[in-house]
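In what follows, a structure is listed as structure tokens, so that the remarks can point back to it.
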Amino acid sequence: MTEKKIPRVLLAAPSSNSGKTLLTCALLDALKKRGCHPASFKCGPDYIDPMFHKEVLQVEGRNLDSFFMAEHEIRQALGGCSGDCAVIEGVMGIYDGADVRSDRGSSYEIARVTGTPVVLIADASKTGRTLISGIKGILSDDREGLIRGLILNRIGDAFYASLRPVLEAELFKAGYHAEILGYVPMIRDAGWKSRHLGLILPGEIEGLYDQIETVGKRMQEHVDLDRLLHVMEEAPGICSQEENSRSQSCGSPEEQLTLAVAHDAAFCFYYAENLELFAKKGVKIRFFSPISDSRIPEDASGILLGGGYPELFLEELSHNTSMLSGLRSALLGGMPSLAECGGFMYLHRGITDEAGRRFEMAGVVDGECFYTGHPVRFGYMELGEPLECEDPYRDFSHMRGHEFHYYDSTCNGKAFTARKPCKDSSWNCMVSAHNGLWGFPHLYYGSKTSAIDLFTDRMRKYRNGHK
């Protein structure tokens with residue numbers, strides 16, 4: 001291990017919908033225009049916000065999640081970033097995490113574990129003096145003194161001019177040392193709509209980068225970026241794992257395994273770390289589109305169907321009968337496979353959407369998916385003891401993940417019990433059949449790497465049996 005200096009900041013907020021993602025992207029853009037080469041991270045299990053970061057950086061963002069990762073793994077992930085500075089976007093409210101009894105899984109925990117200074121983004125659009133009380137309350141719980149700055153968001157020039165001196169005086173009187181770095185005014189046509197899993201996807205927003213650039217310009221005009229950079233520079237050094245085993249030998253083309261990964265507008269929820277874990281084991285990742293491709297890659301020896309928004313593309317998916325037929329034949333023929341959430345839905349006999357329309361799907365899972373209108377089994381979870389589970393998938397026991405979906409199934413499976421952290425709540429989940437494991441949980445493979453070793457071995461046995 002070595003230690004290196006990475007100027008960095010974590011942008012947190014009192015609650016969701018405070019503008020964290022937009023201001024994170026705007027700050028990344030402003031830093032780039034200053035000649036910096038920032039890297040981006042996202043607290044928690046979010047797939048969508050890092051897609052917005054990528055629109056600015058053209059580089060995959062990373063997740064920092066204390067439910068999935070040990071503290072040293074979080075520090076190594078941050079310390080291994082390729083940029084010369086880092087911006088971390090928080091999740092929900094600054095102290096919100098896996099359990100209301102502590103800050104476990106929160107943005108604040110990530111800041112504490114990594115020694116990262118926090119800048120609090122306070123939405124001032126629907127409040128007056130109460131904003132001061134809210135900020136003081138948050139600062140009172142900052143036991144580590146990590147909150148170093150404040151940015152007021154969605155605030156008018158006149159209100160900011162009258163509020164700032166009052167806020168500064170009250171913070172000084174209370175002994176708080178977070179400085180007001182500036183504000184970002186309300187900008188017409190620079191707000192992003194949400195869907196039930198979070199923001200709508202970047203590709204659905206017309207002129208996305210223009211919006212980010214506009215907010216970035218306003219940030220440069222009204223936020224003291226020099227002071228913000230000074231806050232970032234004050235972050236202590238952080239450990240960095242040496243790049244001595246980033247990838248294993250892939251072997252000869254005859255020996256190499258290929259994992260076919262569904263990736264298009266319907267299936268796009270993947271942790272970069274999950275795919276990299278396969279790559280480190282010498283597995284080639286080959287993407288394919290269940291929407292537009294006619295078949296899975298011919299050299300596939302395993303399949304991964306990730307989550308996403310298949311419910312938005314049911315007609316296209318249902319009409320691509322050659323893909324459905326080929327995928328069904330491969331899975332029923334025993335090709336090793338993993339399917340998560342949207343990918344699991346795709347394997348059902350059919351999906352009935354919000355309007356009550358039913359669409360035929362792959363028919364590998366003997367069940368129907370349907371829209372419920374509310375979150376189902378929302379939040380972090382862990383696979384418990386295996387029940388009706390084939391080898392080698394029994395080793396997925398104690399792997400961690402999360403569920404976040406508005407659809408449910410008549411066939412959720414009984415491969416494992418699942419349980420929520422810090423809660424007396426459990427349920428049966430996942431289908432284990434035909435050399436596959438499929439279910440609603442999004443799994444973080446790094447929480448049980450031995451299971452992926454066994455899955456890779458199963459891919460090798462399948463390939464050798466089908467040469």
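When a residue number appears, it is its place in the shown sequence, counting from 1. What you see below is based on every heavy atom in this structure, not just the backbone, and it leaves out hydrogens, waters and symmetry mates.
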To the nearest 0.5 Å, how far apart are [atom1] in [X] and [atom2] in [Y]?
| X | Y | atom1 | atom2 | value |
| --- | --- | --- | --- | --- |
| Leu146 | Leu139 | CG | CG | 11.5 Å |
| Ile94 | Ile110 | CD1 | CD1 | 12.0 Å |
| Cys25 | Ile212 | SG | CD1 | 4.5 Å |
| Glu368 | Ile351 | CD | CD1 | 9.0 Å |
| Ser106 | Phe67 | OG | CZ | 14.0 Å |
| Ile74 | Thr116 | CD1 | OG1 | 10.5 Å |

Is it the case that the side chain of [X] and the backbone of [Y] share a donor-acceptor pair, with hydrogens and angles ignored and the cut-off at 3.5 Å?
| X | Y | result |
| --- | --- | --- |
| Lys281 | Asp453 | no |
| Thr449 | Gly446 | no |
| Gln211 | Leu208 | no |
| Lys280 | Leu275 | no |
| Ser66 | Gly105 | yes |
| Lys4 | Ile238 | no |
| Tyr270 | Gly306 | yes |
| Arg62 | Glu273 | no |
| Asn153 | Ala124 | no |
| Tyr47 | Gly308 | no |

| query | What closest approach, in Å, do Cys369 and Met345 show between heavy atoms, and which atom pair accounts for it? | reply |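 Of all heavy-atom pairs spanning Cys369 and Met345, the closest is SG-CG, 3.6 Å.
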Q.
Restricting to non-hydrogen atoms, name the atom on Cys43 and the atom on Ile88 that form the minimum distance, rounded to 0.1 Å.
A.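 It is SG-CG2, 3.7 Å.
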| said: Just to verify, what does Pro45 make a side chain to side chain contact (heavy atoms under 4.5 Å, CB included) with, not counting sequence neighbours? | reply: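 Partners of Pro45 by the side chain to side chain contact (heavy atoms under 4.5 Å, CB included) criterion, ordered by chain and then number, come out as Asp65, Phe68, Tyr271, Tyr380, His402.
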Flag side-chain contact, heavy atom, 4.5 Å: [X] against [Y]:
| X | Y | result |
| --- | --- | --- |
| Tyr444 | Asn274 | yes |
| Pro117 | Met232 | no |
| Leu347 | Met361 | no |
| Cys239 | Gln76 | yes |
| Glu385 | Phe416 | no |
| Leu383 | Met430 | yes |
| Asn63 | Met69 | no |
| Pro421 | Arg104 | yes |

inquiry  = Does Glu354 have more than 12 heavy atoms from other residues, nucleotides or ligands lying within 6.0 Å of its CD?
reply    =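 Counting other residues, nucleotides and ligands, CD of Glu354 stays at 12 neighbours or fewer.
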Would you please name every residue forming a ring pair (Phe, Tyr, Trp, His ring centres under 6.0 Å) with [X], sequence neighbours left out?
| X | result |
| --- | --- |
| Phe267 | Tyr346 |
| Tyr183 | Tyr160, His222 |
| Phe41 | none |
| His53 | none |

task = Just jot down the side chain to side chain donor-acceptor pair (under 3.5 Å) partners of His177, sequence neighbours excluded, or say none.
result =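 Residues passing side chain to side chain donor-acceptor pair (under 3.5 Å) with His177: none at all.
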- request: Name all residues meeting the side chain to side chain donor-acceptor pair (under 3.5 Å) criterion together with Lys20; count only those two or more places apart in sequence or in a different chain, and write none if there are none.
  value: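 With neighbours one apart ignored, the set is empty.
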**Request:** Using the salt bridge (charged side-chain N to carboxylate O under 4.0 Å, His left out) rule, collect all pairs that involve residues 207-216, keeping only residues at least two apart or in two chains.
**Result:**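 Sorted result for residues 207-216: Lys33-Glu213.
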Summary of salt bridge (charged side-chain N to carboxylate O under 4.0 Å, His left out) pairs that have at least one residue in residues 107-122, sequence neighbours excluded: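 Sorted result for residues 107-122: Asp103-Arg112.
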Review point. So which pairs with a foot in residues 386-396 pass side chain to side chain donor-acceptor pair (under 3.5 Å), sequence neighbours left out?
Key: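 Side chain to side chain donor-acceptor pair (under 3.5 Å) check on residues 386-396 returns Asp395-Ser450.
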Any donor-acceptor pair under 3.5 Å linking the side-chain atoms of [Y] with those of [X]?
| X | Y | answer |
| --- | --- | --- |
| Thr114 | Arg75 | no |
| His263 | Ser289 | no |
| Thr417 | Trp427 | no |

Which residue pairs pass the ring pair (Phe, Tyr, Trp, His ring centres under 6.0 Å) test when at least one of the two sits in residues 82-122, sequence neighbours left out?
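Applying ring pair (Phe, Tyr, Trp, His ring centres under 6.0 Å) to every pair that reaches into residues 82-122, excluding sequence neighbours, yields Tyr95-Tyr108.
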Q) Under the salt bridge (charged side-chain N to carboxylate O under 4.0 Å, His left out) test, which residues partner Glu403, sequence neighbours left out? A)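 Salt bridge (charged side-chain N to carboxylate O under 4.0 Å, His left out) check on Glu403 returns Arg377.
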Item checked: Met219: which of Thr214, Leu228, Leu225 passes side-chain contact (heavy atoms from CB on, under 4.5 Å) ->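 Per the side-chain contact (heavy atoms from CB on, under 4.5 Å) rule, the option paired with Met219 is Leu225, out of Thr214, Leu228, Leu225.
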- Task: Go through Glu89 and Thr21 one step at a time and tell me if the side-chain hydrogen bond (donor to acceptor under 3.5 Å, both in side chains) criterion holds.
- Result: CA-CA 7 Å; Glu89 181 185 345; Thr21 304; 2.5 Å; yes
inquiry  = Taking the ring of His374 and the ring of Phe378, is the distance between their centroids below 6.0 Å?
reply    =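 Phe378 vs His374: aromatic centres not under 6.0 Å.
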- Start with the C-alpha distance between Tyr209 and Asp29, add both sets of side-chain angles, then the distance that settles side-chain hydrogen bond (donor to acceptor under 3.5 Å, both in side chains), and finish with yes or no. CA-CA 9 Å; Tyr209 183 72; Asp29 187 58; 2.5 Å; yes
